[in-house]
K.L.:
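Take a look at this one; I'll ask things after.
Quick note on labels: first sequence line is chain A, next is B, and so on, each numbered from 1. These values consider heavy atoms only, across backbone and side chains, with no hydrogens, waters or symmetry-generated copies. Please read all numbers here as calculations on a predicted model, not as lab measurements.
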There are 2 protein chains.
Amino acid sequence: MVTIQEVAKYANVSVGSVSRYLNGYKLRPNNAKRIEEAIRVLDYRENMIAKALKSNQTLSVGVLLDNLLSHFSSAVVAAMGDFFEKQGYSMLLSGYRDDPKQVRRKVEFLTDRGIDGLIVATMEEDWEETQVLRELAIPVVSLVTPITFESIDSLLFDDAACTRKVVAAMIAGGHRRIGIISAPQTDFVARQRLAGAKAAFEEAGLELTDEWVYVNDYSRESGYAGMRQFIKQHATAVFVCNQNTSLGAIQQIQEQGLIVGQDMSFAAFDYLGIGEIFYPKLTMVRQPVGELGQLAAKTVLEKIRNKQPYSGKTIELANEILWRDSIQDIT
Amino acid sequence: MVTIQEVAKYANVSVGSVSRYLNGYKLRPNNAKRIEEAIRVLDYRENMIAKALKSNQTLSVGVLLDNLLSHFSSAVVAAMGDFFEKQGYSMLLSGYRDDPKQVRRKVEFLTDRGIDGLIVATMEEDWEETQVLRELAIPVVSLVTPITFESIDSLLFDDAACTRKVVAAMIAGGHRRIGIISAPQTDFVARQRLAGAKAAFEEAGLELTDEWVYVNDYSRESGYAGMRQFIKQHATAVFVCNQNTSLGAIQQIQEQGLIVGQDMSFAAFDYLGIGEIFYPKLTMVRQPVGELGQLAAKTVLEKIRNKQPYSGKTIELANEILWRDSIQDIT
DNA sequence: CTGTTAGCGCTTTCAA
DNA sequence: TTGAAAGCGCTAACAG
């Protein structure tokens, strides 16, 4: 490993000059040229570890997701990774396996490695473990879920509004027996989506009663079970609030010999672009996950660079509703 | 930030002793106890950057994937991440966006950050850019694709064998007009899978002619187009060699008003578990991606710890064939 | 603008 | 076993 010292010697200048050159300070053109040449012929590469030790900056950011194994996470990570790398930052990735208990350990794991900023996803503000974020000396950005500590920015989706619109479309199509496959209401996202559905009913002067709300556990199986219940109740339309769950729901419909989106009106949240491979194509709400990732990366970097870890903004990104043909008009 | 010095002062020992304590050396019980207490009351955390500078080990490994945005990548990353973290290692993630030209830059990006080991995926041995791996002073593991440099271990799947078996089942079912939606033969994986299909034909005394091989470009659209061609040619069965492509193929079948796996026998490689949501359920070959990730992590760590970067083994993991009902018997 | 030098927090000789 | 001290590669005063 060639060091700054050797470059200095080769170029016949002091290490200070080399360091300054490397950091973009002006120096005598002649010296600059000699240093540049030395760097080239010696194939010098700067030692980021030494730099980090001295400057207390690692040029890395931590990313703590609920679960690494999902399309959401890979899309977010892909977008962030690209952005960070262009900016010279690396990304330390970690997942807490949907288990809040692990959050503290994971955050320590990351901060121990000297990350300059942290992005977390799907952490509920009222978890005890979320409180560790309060004392962090680095910028934090929360994804999907709002955390209203003054030090944290939150980036959300407009799930409620979109759910409301889609369910409203079902109602407008004459549907009254509409099942909602929702998720545990302890989760912010689940609350949002169900609230959207309820709003649609209220606006139409109707009420969404409990028997038409099935609470899943995010598994495919629970989507399968929920759909079975609704078919028994002679639902004419079902909205599924979660991607994975929706696969189970679709499976149930098919197994009953029904055609999704025709014999049973259907819509769901989707990341995979699964809606297109059916016929009729399925109406889906798609979250701009890549955008979210990129915006998250941009936001932390700004906070890191401006050294202003505190702001506390909340930004809501608009989902896209892919209106297709799976909500039948039965008026 | 409390340092080793402060701990030493508090415990009334030298920094050397604290360092030795931290690294598991034996010292006078009394001293050890005092140090332990100092660490506790001062809430000392070791500075990994300083440690890394001194010891030339960052306790991190680089992971360079073709593309971060796929189920393959998230599954592999999830498995590796878990394993690494348990072992105290962090993971620097990077993708080269399916563009070999980027490989050199990305590898430098990672090595500049002092990674102790590197895992790469889907890099073809004959790419010029792959040669940079030759000079790396750290252990390297190649995923999915064999790289026979003596310094590199390769972890592969038995795609050829599985493709052969599935296509053989189609032939056994009486199918003769079998379409294979394959991928560019410049890619190792694509060659393997097509070779498997050809082998099945040969074993049956048949021949797989060019008109029954459609070369996709990994896009959904090309699956869509390939399937259209085969439907025109009155294929009775189609095997799709790539996950994403298979979605397009399914879409085409549905749009023709046909039922996948019934009107058109069908099988494909799958990661998403998409085969189950159809009726009939689809026969799919599934790669043990999580296993691969874990084995990869294990392998690099062993190489890092044994300080034996050279071995050059190749291991083949067995895929799982999920036999379902989408290959009809037409004899 | 440049050279010298004191550390950043840690590990690891070397003596004691 | 332990303490003292050198030094990993770099940055940032400080003095010139």
Side-chain angles (χ1 to χ4, degrees), chain A residues 1-39 42-60 88 108 111-116 137-138 305 307, chain B residues 1-39 42-60 88 108 111-116 137-138 305 307:
Chain A
M1 257 234 105
V2 21
T3 74
I4 215 182
Q5 333 276 345
E6 311 177 46
V7 173
K9 197 184 299 173
Y10 187 97
N12 236 292
V13 295
S14 72
V15 291
S17 291
V18 179
S19 170
R20 281 182 285 255
Y21 173 86
L22 255 15
N23 291 291
Y25 290 85
K26 271 222 129 22
L27 30 86
R28 205 178 297 152
N30 185 34
N31 282 346
K33 203 160 46 181
R34 293 223 306 284
I35 293 174
E36 191 248 292
E37 192 201 331
I39 288 177
L42 299 177
D43 192 28
Y44 166 81
R45 325 226 74 212
E46 61 183 355
N47 182 324
M48 303 190 65
I49 312 292
K51 197 166 189 166
L53 176 59
K54 188 72 218 198
S55 60
N56 252 324
Q57 277 211 88
T58 53
L59 300 184
S60 70
E108 277 172 4
T111 50
D112 276 356
R113 274 155 186 80
I115 50 170
D116 298 336
I138 51 173
R305 290 182 171 146
K307 310 217 152 133
Chain B
M1 257 235 105
V2 19
T3 73
I4 215 182
Q5 333 278 346
E6 311 177 47
V7 172
K9 196 184 300 174
Y10 188 98
N12 237 295
V13 296
S14 72
V15 291
S17 291
V18 179
S19 171
R20 282 182 282 254
Y21 173 86
L22 256 13
N23 291 292
Y25 290 85
K26 270 222 128 27
L27 30 86
R28 206 177 297 152
N30 186 35
N31 282 347
K33 202 161 45 181
R34 293 222 306 284
I35 292 173
E36 191 247 294
E37 193 201 330
I39 287 177
L42 299 178
D43 191 28
Y44 166 80
R45 324 226 75 210
E46 60 183 355
N47 183 323
M48 303 189 66
I49 312 292
K51 197 166 191 165
L53 175 59
K54 192 68 221 199
S55 60
N56 252 326
Q57 277 211 87
T58 53
L59 299 183
S60 70
E108 278 173 3
T111 50
D112 276 355
R113 274 156 187 80
I115 50 171
D116 297 337
I138 51 173
R305 288 183 171 143
K307 310 217 156 135

K.L.:
Could I get the full list of salt bridge (charged side-chain N to carboxylate O under 4.0 Å, His left out) partners for A/Lys54, not counting sequence neighbours?
P.N.:
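A/Lys54 satisfies salt bridge (charged side-chain N to carboxylate O under 4.0 Å, His left out) with no residue once adjacent residues are dropped.
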K.L.:
Suppose we screen for salt bridge (charged side-chain N to carboxylate O under 4.0 Å, His left out). Which residues come up paired with B/Arg305, at least two apart in sequence or across chains?
P.N.:
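B/Arg305: no salt bridge (charged side-chain N to carboxylate O under 4.0 Å, His left out) contacts found.
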K.L.:
For the residue pair A/Lys51 and A/Asn23, establish whether any side-chain heavy-atom pair is separated by less than 4.5 Å.
P.N.:
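The answer is yes, as the side chains (C-beta and beyond) meet within the 4.5 Å cut-off.
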K.L.:
Under the side chain to side chain donor-acceptor pair (under 3.5 Å) test, which residues partner A/Asn31, sequence neighbours left out?
P.N.:
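Testing A/Asn31 for side chain to side chain donor-acceptor pair (under 3.5 Å), a comparison that skips the adjacent residues, returns none.
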K.L.:
Using five base pairs at each end, measure the axis-to-axis angle across the helix from C/dC1-D/dG16 to C/dA16-D/dT1 and round it to 10 degrees.
P.N.:
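Roughly 40° between the end axes, to the nearest 10°.
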K.L.:
Identify the 5'-most and 3'-most nucleotides of DNA chain C with at least one atom closer than 4.0 Å to a non-hydrogen atom of chain B.
P.N.:
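Result: C/dG9 to C/dT13.
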K.L.:
My understanding is that only residues two or more places apart in sequence, or in another chain, count here; which of them pass side chain to side chain donor-acceptor pair (under 3.5 Å) with B/Thr58?
P.N.:
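B/Thr58 satisfies side chain to side chain donor-acceptor pair (under 3.5 Å) with B/Ser60, B/Asp116 only.
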K.L.:
What's the separation between atom CD in A/Gln57 and atom CD1 in A/Ile115, rounded to the nearest 0.5 Å?
P.N.:
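These two atoms lie 13.0 Å from each other.
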K.L.:
Could you run down nucleotides 8-16 of chain D 5' to 3' and tag each one B, S or - for protein heavy-atom contact under 4.0 Å?
P.N.:
BBBBBB---
K.L.:
Of all residues at least two apart in sequence or in a different chain, which pass the side chain to side chain donor-acceptor pair (under 3.5 Å) check with B/Asp112?
P.N.:
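With sequence neighbours excluded, B/Asp112 shows a side chain to side chain donor-acceptor pair (under 3.5 Å) to A/Arg45, given in chain and number order.
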K.L.:
Would you give me the side-chain donor-acceptor pairs under 3.5 Å for residues 5-19 of chain A, sequence neighbours excluded?
P.N.:
unit_1  : atom_1 : unit_2  : atom_2 : d
A/Glu6  : OE2    : A/Thr3  : N      : 3.2
A/Ser14 : OG     : A/Gly16 : N      : 3.4
A/Ser14 : OG     : A/Ser17 : N      : 3.3

K.L.:
What residues form a salt bridge (charged side-chain N to carboxylate O under 4.0 Å, His left out) with B/Glu37, not counting sequence neighbours?
P.N.:
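B/Glu37 satisfies salt bridge (charged side-chain N to carboxylate O under 4.0 Å, His left out) with no residue once adjacent residues are dropped.
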K.L.:
Check the phosphate of D/dT1 against B/Asn31, side-chain N and O only, distance under 4.0 Å to OP1 or OP2. Yes or no?
P.N.:
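So the side chain of B/Asn31 is outside the cut-off, no N or O lying under 4.0 Å from OP1 or OP2 of D/dT1.
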K.L.:
Show every salt bridge (Lys or Arg N to Asp or Glu O under 4.0 Å) that has at least one partner inside residues 23-36 of chain A, sequence neighbours left out.
P.N.:
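Salt bridge (Lys or Arg N to Asp or Glu O under 4.0 Å) check on residues 23-36 of chain A returns A/Glu36-A/Arg40.
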